[in-house]
Amino acid sequence: MQQNEQLPETYQIESLITDHEQVVDAKVITIPHPEKGELIVAWLIANDSTLTEEVVIQYCDSSNNISTPNYILFTDEFPTTPSGKIQKIRLKEKALELINE
């Protein structure tokens, strides 16, 4: 995993979560927080409806050298551009909506 050490932390978290057997794909973003600076939010597409936020948090906690997301959010698909690129800005906007409710 020496290659991962050079990647930004969000990509390291994505890689770790995607390695979980119940996860099809993961995208990690950060959102601003007035007291903590920023929060880490992981969006997941799961292949098993029994996967919970707690399971993912424990899984991330087991890797001591990668930060654990503050929030785990589930989706059926990621928003994409017409060319198929993931629109992380839309994931960020939706996370801000959901978390600030």
Inset, instruction - Drop me the distance from Ile29's CD1 to Ile89's CD1, to the nearest 0.5 angstrom. - result: 8.5 Å
Legend entry - Working for side-chain contact (heavy atoms from CB on, under 4.5 Å), residues Asp25 and Leu44: CA-CA 6 Å; Asp25 200 0; Leu44 309 181; over 6 Å; no
Inset, instruction - Look up atom NZ in Lys88 and atom NZ in Lys92, then write down how far apart they are to the nearest 0.5 Å. - result: 10.5 Å
Inset, instruction - Please confirm whether the backbone N or O of Tyr11 pairs with a side-chain atom of Ser15, one donor and one acceptor, at under 3.5 Å? - result: no
Inset, instruction - Show your reasoning for whether side-chain contact (heavy atoms from CB on, under 4.5 Å) applies to Thr10 and Ile40. - result: CA-CA 8 Å; Thr10 55; Ile40 301 169; 5.6 Å; no
Inset, instruction - Applying side chain to side chain donor-acceptor pair (under 3.5 Å), run through Gln22 and Thr50 and close with a yes or a no. - result: CA-CA 9 Å; Gln22 292 176 286; Thr50 63; 3.3 Å; yes
Inset, instruction - With rounding to the nearest 0.5 Å, note down the distance linking CD in Glu53 to OH in Tyr71. - result: 8.5 Å
Inset, instruction - To the nearest 0.5 Å, tell me how far Ile72 CD1 sits from Ile57 CD1. - result: 4.5 Å
Legend entry - Salt-bridge criterion met for Glu77 and Lys27 (N-O under 4.0 Å): no
Inset, instruction - Return yes if some donor-acceptor pair links the side-chain N/O of Thr75 with the main-chain N/O of Phe78 below 3.5 Å, else return no. - result: no
Inset, instruction - Taking the side chain as every heavy atom from C-beta outward, state whether Ile66 and Cys60 have any pair of such atoms under 4.5 Å apart. - result: no
Inset, instruction - Would you mind reporting whether Leu96 and Pro32 have side-chain heavy atoms less than 4.5 Å apart? - result: yes
Legend entry - Heavy-atom side-chain contact between Leu39 and Thr30 under 4.5 Å: no
Legend entry - Inter-residue atom distance Thr80.OG1 - Gln87.CD, 0.5 Å rounding: 6.5 Å
Inset, instruction - Give a yes or no on whether Lys94 atom NZ has more than 12 heavy-atom contacts from other residues, nucleotides or ligands under 6.0 Å away. - result: no
Inset, instruction - Applying side-chain contact (heavy atoms from CB on, under 4.5 Å), name anything that partners Tyr59, two or more places apart in sequence or on another chain. - result: Leu16, Asp19, His20
Legend entry - Interatomic spacing from CG in Leu51 to CD1 in Ile17 - rounded to 0.5 Å: 9.5 Å
Inset, instruction - Decide yes or no for Pro69 and Val56: does some side-chain heavy atom of the first lie under 4.5 Å from some side-chain heavy atom of the second? - result: no
Inset, instruction - Could you tell me whether the side chain of Trp43 and the main chain of Phe74 form a donor-acceptor pair under 3.5 Å? - result: no
Inset, instruction - Decide whether Ser63 and Asp61 meet the rule of one side-chain donor and one side-chain acceptor closer than 3.5 Å. - result: no
Inset, instruction - Compute whether any side-chain donor of one residue and acceptor of the other, for Glu9 and Ser67, lie under 3.5 angstrom apart. - result: yes
Inset, instruction - Flag the pair Val41 / Val28 as yes when at least one side-chain heavy-atom distance between them is below 4.5 Å, and no otherwise. - result: no
Inset, instruction - Keeping the roles fixed (side chain from Asp48, backbone from Val23), state whether a donor-acceptor pair exists under 3.5 Å. - result: no
